[in-house]
Amino acid sequence: MSSYPKPINQLIESLSYLPGIGPKTAERLAFYIITMSGNKVDHLITALQNAKNKVFNCSVCNNLTDRDPCLICQDERRESGLICVVQDPKDVIAIEKVRDFQGRYHVLQGVISPMEGIGPDDLNMKELLERINSENIKEILIATDPTVEGEATAMYLTKLVKPMGVKVTRLAYGLPMGGDLEYADEMTLQQAFEGRKEM
Ligand SMILES: [Zn+2]
């Protein structure tokens, strides 16, 4: 690699910061990029900067957005008393594709994981409790992944939320245990919503 001009080495190094991109792939991408037209490279640079600088977390639900509150939180047609709790913004996209869910969301930004040192205080749980108090919430649908951590987080949330007089339900997983919600097919996800169980 040391025989390449310095700008190419820098590009290869930057690309290798990305997950799943090993040195060989980084090298191939770097050489592809230098053959791209100036316009396309400018477009790529602008897209990277915009995604980084203009996307932030919704102040209400924590989903990724470029306006605050996000479009889902702003949508008056949505059921206001129902919140679906997910661990990741990508789960919101997966559920929205099914189009059956009419409530709003709350993104925890992770799950409780003692192994990784993530406790309840590291997640957006306090914000969820505040919403339950201020938004007249009637049902919390917990849609964390069917993993050990996802289940533990669902149990923890249930213990917190139930005493507040709110109905707590959990997705009925035809989803495989250990699976990831964002990769579930639409039919499986639709059935999981229809068959949700009270905790
Ligand atoms: Zn929002």
Side-chain angles (χ1 to χ4, degrees), residues 55-113 118-177 179-199:
V55 175
F56 52 92
N57 296 102
C58 171
S59 63
V60 179
C61 71
N62 260 303
N63 193 15
L64 291 176
T65 183
D66 59 353
R67 66 202 73 193
D68 199 26
C70 71
L71 287 175
I72 294 174
C73 286
Q74 277 184 36
D75 189 348
E76 299 281 336
R77 290 163 302 179
R78 286 188 174 253
E79 226 177 294
S80 56
L82 171 62
I83 291 180
C84 178
V85 179
V86 296
Q87 59 191 69
D88 199 290
K90 282 179 286 186
D91 297 332
V92 175
I93 305 291
I95 295 168
E96 283 296 292
K97 272 190 201 149
V98 182
R99 293 172 193 276
D100 269 5
F101 180 69
Q102 288 305 318
R104 295 196 169 94
Y105 296 92
H106 192 84
V107 181
L108 292 175
Q109 302 286 8
V111 276
I112 297 171
S113 173
I118 302 168
D121 293 342
D122 301 309
L123 306 171
N124 295 308
M125 287 198 182
K126 205 174 76 201
E127 293 84 346
L128 177 63
L129 302 185
E130 282 163 10
R131 286 182 75 185
I132 292 172
N133 279 323
S134 64
E135 290 182 31
N136 191 24
I137 301 301
K138 293 181 181 67
E139 180 181 345
I140 295 290
L141 167 54
I142 305 176
T144 48
D145 287 343
T147 57
V148 173
E149 292 85 3
E151 290 301 331
T153 307
M155 292 306 293
Y156 183 91
L157 261 180
T158 302
K159 276 188 194 154
L160 274 184
V161 170
K162 251 193 153 175
M164 300 169 85
V166 175
K167 184 178 174 186
V168 183
T169 51
R170 175 93 173 106
L171 282 195
Y173 281 102
L175 301 177
M177 192 65 192
D180 193 328
L181 191 148
E182 68 178 275
Y183 299 123
D185 65 87
E186 291 180 24
M187 184 65 98
T188 306
L189 209 48
Q190 191 176 0
Q191 284 168 352
F193 268 85
E194 281 166 6
R196 67 203 203 221
K197 293 195 173 63
E198 189 156 359
M199 300 280 280

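Everything quoted here is computed from the prediction, not taken from an experiment.
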With sequence neighbours excluded, residues passing salt bridge (charged side-chain N to carboxylate O under 4.0 Å, His left out) with [X]:
| X | answer |
| --- | --- |
| E79 | none |
| K167 | none |
| R78 | D75, E96 |
| E149 | none |

(request) Return the minimal non-hydrogen interatomic distance between P69 and C58, and the atom names on each side. (result)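 It is CA-SG, 3.9 Å.
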(request) Applying side-chain contact (heavy atoms from CB on, under 4.5 Å), name anything that partners K138, two or more places apart in sequence or on another chain. (result)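 Per chain and number, K138 pairs via side-chain contact (heavy atoms from CB on, under 4.5 Å) with N136.
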(request) Return the set of residues passing side-chain contact (heavy atoms from CB on, under 4.5 Å) with N57 (not counting sequence neighbours), or none when no residue passes. (result)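 Scan of N57 (side-chain contact (heavy atoms from CB on, under 4.5 Å), adjacent residues dropped) gives N62, L64, Q109.
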Using 0.5 Å steps for rounding, measure from the [atom1] atom of [X] to the [atom2] atom of [Y].
| X | Y | atom1 | atom2 | result |
| --- | --- | --- | --- | --- |
| I137 | L82 | CD1 | CG | 8.0 Å |
| T169 | E198 | OG1 | CD | 7.5 Å |
| I132 | I83 | CD1 | CD1 | 6.5 Å |

(message) Per the salt bridge (Lys or Arg N to Asp or Glu O under 4.0 Å) rule, what does the pair list look like for residues 59-68, sequence neighbours excluded?
(response)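 Matches after skipping sequence neighbours: none remain.
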(request) Please name all residues satisfying side chain to side chain donor-acceptor pair (under 3.5 Å) with D122, sequence neighbours left out, ordered by chain then number. (result)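 With neighbours one apart ignored, the set is empty.
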(request) Please identify each residue that fulfils side chain to side chain donor-acceptor pair (under 3.5 Å) with R131, with sequence neighbours left out. (result)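 Only H106, E135 meet the side chain to side chain donor-acceptor pair (under 3.5 Å) criterion with R131.
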Going by atom type alone, with no hydrogens or angles, which donor-acceptor pairs under 3.5 Å involve a side-chain atom of residues 155-163 and a protein atom two or more places apart or on another chain?
| from | atom 1 | to | atom 2 | distance (Å) |
| --- | --- | --- | --- | --- |
| T158 | OG1 | A154 | O | 2.7 |
| K162 | NZ | M199 | O | 2.4 |

(request) Let me see the working for C84 and I95 under side-chain contact (heavy atoms from CB on, under 4.5 Å), right down to the final yes or no. (result) CA-CA 10 Å; C84 178; I95 295 168; 3.9 Å; yes
(message) Under the ring-ring contact (aromatic ring centres under 6.0 Å, His included) definition, can you give me all pairs with a residue in residues 123-143, not counting sequence neighbours?
(response)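 Counting only pairs at least two positions apart or across chains, no ring-ring contact (aromatic ring centres under 6.0 Å, His included) contact touches residues 123-143.
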(request) Mind jotting down which residue pairs meet the ring-ring contact (aromatic ring centres under 6.0 Å, His included) criterion with at least one end in residues 70-103? Sequence neighbours excluded, please. (result)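 For residues 70-103: F101-Y105, F101-F193.
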(message) Looking at I142, is its backbone amide N or carbonyl O close enough to the side chain of R170 to form a donor-acceptor pair, meaning the two atoms are under 3.5 Å apart?
(response)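 It does hold such a pair.
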(request) Tell me, with the steps shown, if N124 and L128 meet side-chain contact (heavy atoms from CB on, under 4.5 Å). (result) CA-CA 7 Å; N124 295 308; L128 177 63; over 6 Å; no
(request) Take V107 and V92 through the test side-chain contact (heavy atoms from CB on, under 4.5 Å) and record every step on the way to the result. (result) CA-CA 8 Å; V107 181; V92 175; 3.9 Å; yes
(message) Do T144 and L108 make a side-chain contact, defined as non-hydrogen atoms from C-beta onward lying under 4.5 Å apart?
(response)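 Side-chain contact under 4.5 Å: yes.
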(message) For a side-chain contact (heavy atoms from CB on, under 4.5 Å) check, start with the C-alpha distance between I112 and L123, then their side-chain angles and the critical distance, and finish with the verdict.
(response) CA-CA 8 Å; I112 297 171; L123 306 171; 3.9 Å; yes
